[in-house]
Structures are given as C-alpha cells and as structure tokens.
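Please see the structure below; I have some questions.
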Amino acid sequence: MQASKGLLAALALTALSSAVQAADEVVVYSSRIDELIKPVFDAYTEKTGVAVKFITDKEAPLMARIKAEGANTPADLLLTVDGGNLWQAEQMGILQPMTSPVIEENIPAQYRSSNDAWTGLSLRARTIVYSTERVQPDELSTYEALADEQWEGRLCLRTSKKVYNQSLTATMIETHGAEQTEQILKGWVNNLATDVFADDNSVIQAVDAGLCDVGIVNSYYYGRLHSQNPELKAKLFWPNQQDRGVHVNLSGIGLTKHAPHPEAAKKLVEWMTGSEAQSIFADSNMEFPANPSVKPSAEVAAWGDFKADTIPVEVAGERQAEAIKMMDRVGWR
C-alpha cells in the first residue's frame, strides 16, 4: 500500500514537472521575417527564461496548418501581418479570445479584434511615395486624387494580389461606398505608367529610376531602402490629412484555439505589447509601435507626424472579399 502511494506521488510529481517544463516554452507560427522578430523573442527569453520557438512560413500555409493540426497543434500563437489576414484566421476558427486588461491598456481598440481574437503589435502606414525630382509635395493631397488626369501615365502600383492593397481598398469602400471606390480604382488603373509590380520595393525603385512619378507603398519598405541608399530620389507623403487620414495597418498576433500553453502565451503577448518589446519592434523593423506611449525610432520619426485613419483595422478583413472582386473588375491585376 505504501509502495503504491509512493508510486502515485512520484507519478504526480513527474506530471507536475512536465507541465512546468512545457510552460517554459511557447511555440509561435510566424509569417514575419526571422531577423525582424528574433530580437524580440530573445529579449523575452533572457528576461523570463521562457523559450520561444518560432516556425516561419507564409501566412496562408501557416493558417492551413493550424486548421489541419486541430487539437494536436503545437502552436500557441499565430503571428502575421495585416488585419485582413488576422480577420481571416479568426473566421477560420483557428483563434480563441485572449482577454487581458494589460493588452487593452497597451493597444488602442482600433488595432485589436472586437472579439479579442488578436491584437496588433506594430503599425505600418500604406502611403504615397513620390519622386523628389519630378513632383512637388503641394501637388499631392489624397489617395483618391491619384485617379485624376494629372497623374495619367505617372502612377506605379503593386499587384492587387497582395493583402496590403486589398486592405487599403476595403477601407476605402467603408469610407466612400462601393460605387465611388470603384471609380477611384478605375482611375488608378488608367493612370498606370507600367504593369503592376510584385512588391513595394520595386514600386519605390521605379519611382527613383523615373519609370513613374508616384506610387503607393508601406512605409517600412521605404525606410529599409532609404537606409541602404540615402541618396534615394523618392520620399514619403502623408495623404488625406484634411479628412480621414493615412491608411494604417499592422502586424499582429492571436492565440490559437488549441494552444497547449495559453497562459504562458498570453504572458508573452502582454509583454510584446509593453514598452520594452515595442521599442525593439520600432528600432529593428522601421515600423510604428502599436502602443501609443512608445515613440518610433529616430529614422521613422524623421518622416514626420501624420493623422491616421481611425477605421478599425478589422474592417479590412470584413470587406476583403468585396475589395478583391472590385479590383478584379477594374483590371487591377
């Protein structure tokens, strides 16, 4: 009898030890470039002793993988870019609510899921880039104005296949309605100087090379290129400052539905929304902190202040399908 009790006690101790060990690791499925997030995870491990294991892939395969793994997934968190992708993950049923007063205090509501399924971590402005040789800043005003005849044969765009442009279009539909937005998109397509590009870097380089005079890009792409080439003949412009403001999207994170270590994962996210981690994001990624109490890096701050659109980012997901169909109708490939 005593031996049996001893065995049970030993088994219980082993189980408790295993649980503690398991909680000392958090697994993140991430679509972000490794070098952009590793400094954040390394800092957390150094601070807490909790190892962060991250597996990197494109967002669609990662979401499909979490769905297929179901209750057997090792993933505690999904880290990806754009509110449209995070909304899609939420609709797929692969995320669960992560309620936290800490996160709510750190991150404004417009950058979080209304159902607490995910939260933003860093922000990026999708804004206008222009040639400093052929365009004067006072010629620019709004995204919508790029559809005017003035810009015929002078505009460069990235493909509509990328979620960044889908989200911009979705928020324009929310603001202007479908009919007016479609007319704007038709004007953009009509004003293209070249075929659409595969990425934002190519748009900026085309403006710099004189293939076009204006384009629409995410701000951090400009930051990275400018740091490599300070003589870049292109500059950012903040549009719509007299009305709704600049379109802002984000990178964000959500707790998976079957997370093996939900509490440990939540503690990591809470820390990632705090000042220490937000400063690392700001310094290494050339993005804006999602926590408004944290300042951007000096280089990002040098681009100047702007008013941001206050539309909740999840609208980008809610209207994503509508936006994709519209972009296809107007011939934005």
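Note that the coordinates shown come from a computational prediction; the quantities given were computed from them, not determined experimentally. Computation of the quantities below employed the complete heavy-atom set of this structure, encompassing side-chain atoms and omitting hydrogens, waters and symmetry-equivalent molecules.
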Give a yes or no on this: more than 12 heavy atoms of other residues, nucleotides or ligands lie within 6.0 Å of atom CD of E35.
->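 More than 12 within 6.0 Å, yes.
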
Quick one: does Q166's side chain have a donor or acceptor within less than 3.5 Å of a partner on K161's backbone?
-> yes

Residues E25, K53: salt bridge by 4.0 Å N-O rule |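 Looking at K53 together with E25, the answer is no, because their closest N to O distance does not fall below 4.0 Å.
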
With sequence neighbours excluded, what pairs up with S251 under the side chain to side chain donor-acceptor pair (under 3.5 Å) test?
->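 So S251 forms a side chain to side chain donor-acceptor pair (under 3.5 Å) with R32, S122.
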
List for me each residue that meets side-chain contact (heavy atoms from CB on, under 4.5 Å) alongside D42, sequence neighbours excluded, and say none if there are none.
->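 Per chain and number, D42 pairs via side-chain contact (heavy atoms from CB on, under 4.5 Å) with K38.
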
Residues pairing under disulfide (SG to SG under 2.5 Å) where one sits in residues 196-238, two or more places apart or in two chains, turn out to be C156-C212

Donor-acceptor side-chain pairing of W87 and Q320 below 3.5 angstrom =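 There is no such pair (donor and acceptor under 3.5 Å, judged by atom type) between the side chains of W87 and Q320.
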
Provide the full list of salt bridge (charged side-chain N to carboxylate O under 4.0 Å, His left out) pairs with a residue in residues 66-78, sequence neighbours left out, each pair given once.
-> R65-E69

Could you go through the side chain to side chain contact (heavy atoms under 4.5 Å, CB included) check for T48 and W271 one step at a time?
-> CA-CA 10 Å; T48 65; W271 181 81; over 6 Å; no

D82 and N85: side chain donor to acceptor below 3.5 Å | no

Partners passing salt bridge (charged side-chain N to carboxylate O under 4.0 Å, His left out) against R126 (at least two apart in sequence or in another chain) |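 Partners of R126 under the salt bridge (charged side-chain N to carboxylate O under 4.0 Å, His left out) test: D200.
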
Of all pairs that satisfy ring pair (Phe, Tyr, Trp, His ring centres under 6.0 Å), the ones with a partner from residues 123-147, not counting sequence neighbours |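 Pairs touching residues 123-147 that pass the test: none.
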
Answer yes or no for K162 and Y164: cation-pi contact, defined as NZ/CZ to six-membered ring centre under 6.0 Å and angle to ring axis within 45°.
-> yes

Polar side chain donor-acceptor pair, N115 to S113, under 3.5 angstrom = no

Any chance the side chains of T310 and Q110 put a donor and an acceptor closer than 3.5 Å?
->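 Checked: T310/Q110 side chains show no N/O donor-acceptor pair below 3.5 Å.
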
